[in-house]
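Shown next, in structure tokens, is the structure this report addresses.
Lettering follows sequence order; numbering is per chain, from 1.
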There are 2 protein chains.
Amino acid sequence: MATMQRLQNTGLELFYAQGYYDTSVDDILKRLDLSKGAFYYHFDSKEDYFIQIIQNLLARKIYSTLIEPIEGHDNPLSLITKCFDDAMETAVHNEMDYGCILSNFLSEFNGKNEVIMHHLNEIVTVWEVNLVTTLQKGKFNGYLDRHVDCEAAATFLMSSYFGVRTLMTSATPSAKKYRFMSQLRQYFKSIEAKHVNS
Amino acid sequence: MATMQRLQNTGLELFYAQGYYDTSVDDILKRLDLSKGAFYYHFDSKEDYFIQIIQNLLARKIYSTLIEPIEGHDNPLSLITKCFDDAMETAVHNEMDYGCILSNFLSEFNGKNEVIMHHLNEIVTVWEVNLVTTLQKGKFNGYLDRHVDCEAAATFLMSSYFGVRTLMTSATPSAKKYRFMSQLRQYFKSIEAKHVNS
DNA sequence: GTAAAAACAGACTATTTGGTTGGTATGCAA
DNA sequence: TTGCATACCAACCAAATAGTCTGTTTTTAC
């Protein structure tokens, strides 16, 4: 694998595990047995390095785990339920779970680095737009109640997911997952279409 | 005000704004026009310093904003609604909002410092216990549906609050708040007692 | 085969970090 | 006045930090 790819991969891994400010460039280079020369040949700075990781790896990761799985013409509430369930299940089985990568970075860079925050918020927006679209389509197709505010529902879903991933990092993640999913279904039941027809 | 109090107050302020690892002891001392000697006379280390801040300031802050307001014999769903609304309102009006302090620290120290994580998780547990108790009492008093899983509801509430506070740090916090509250009420409507009696 | 460009090595710098140490001013009790 | 603990100062230290610079190897182009 190319050096640049390896740098980005272990970069995301370490930044996720230890945080951006607590992970030095030397840490990453030591892990890969590379030198400063190699790093600064491929990247202008640590910040440039991280931004490329965001765009190349993080954005794709969010897309494949949270956006692509809810695309389709089925009931969006079922799709989102399964999507969240799957995403949390991998977190439960992962020895080292540090919460939602995107959410962690959001709180780490908030108020500290505007440039990076801009790139992170772009990913958040993409997720939000896709959620809203999916919900609106579901409403159009008769899966959701006519009175549902799709923007509000999307915000609520994103919030609760970010939050539960933070809570899951402490003790008993599987219990947290189970409890969360049960109340998510409860909420979904309250916004699904009332079956008055046929 | 005593030196030790001043150190703790501006410590929490800066740690919240810049993060623990990105705030040096010198930063705090410069702000207060104090010397290293003063700091290490009152505290053993930066970690000890932070733990004292957690126990003395953070714990009380969480208690006064998220725990104490929901105590009482009224409808817990109304109390929690008002509590969240108030907490988010101060965040909206605060120029510099960095999200929920507790949630931010949780994601910053997760996997990095077990000792600090233990102290933070203690506060989370206190909040959780109080939420569960409040909900159970509300169920007993006929405000909640008999089938509600109070532990699950508490987890769901904590998750969504942590998450929305993270989302509120970006653009349009007041819109995020409005949307969140509308769906919180929707969720509450689905777990409140069905008024079959009287 | 050779020259040029790409890909890397590793020593170096300037600054910042948490923490230490020896000293000093102040207040209070005997 | 003496003795001593509290509260603080400021110079100092070793380690770590992001980034630079000079060089060397490897690949590519022709």
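- At a threshold of 4.5 Å between non-hydrogen side-chain atoms, the residues B:Leu131 and B:Leu66 do not count as touching.
- Side-chain nitrogen and oxygen atoms of A:His42 include none within less than 4.0 Å of the OP1 or OP2 phosphate oxygen of C:dA6.
- No donor-acceptor pair closer than 3.5 Å links the side chain of B:Thr169 to the backbone N or O of B:Arg165.
- Looking only at atom types and distance, the side chain of A:Gln183 has a donor-acceptor partner in the side chain of B:Tyr187 under 3.5 Å away.
- Look at CZ on A:Phe43: it is 13 Å from C1' on C:dA7, rounded to the nearest Å.
- D:dA7 atom P lies 13 Å from atom CG of B:Leu34, rounded to whole Å.
- The backbone N or O of A:Gln52 lies less than 3.5 Å from a partner atom in the side chain of A:Asn56, making a donor-acceptor pair.
- Taking atom CG of B:Asn113 as the reference point, atom P of C:dG18 lies 14 Å away to the nearest angstrom.
- Rounded to whole Å, the distance from CG on B:Leu29 to P on C:dT17 is 11 Å.
- In this entry the distance linking CG of A:Leu32 with C1' of C:dA9 reads 15 Å, nearest Å.
- Distances shown here put every side-chain N or O of B:Thr3 at or beyond 4.0 Å from the OP1 or OP2 atom of D:dA7.
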Inset, instruction - Indicate for each nucleotide in nucleotides 10-26 of chain D, in 5' to 3' sequence, whether protein heavy atoms under 4.0 Å reach the base (B), only the sugar-phosphate (S), or nothing (-). - result: B------SBBB------

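- Applying the salt bridge (charged side-chain N to carboxylate O under 4.0 Å, His left out) test to residues at least two apart or on different chains, the pairs with a partner in residues 167-183 of chain A are A:Asp85-A:Lys177, A:Glu89-A:Lys177, A:Arg179-B:Glu128.
- Side-chain nitrogen and oxygen atoms of A:Tyr41 include none within less than 4.0 Å of the OP1 or OP2 phosphate oxygen of C:dC8.
- Looking at B:Ser103 and A:Thr166, their side chains never bring a donor and an acceptor atom within 3.5 Å of each other.
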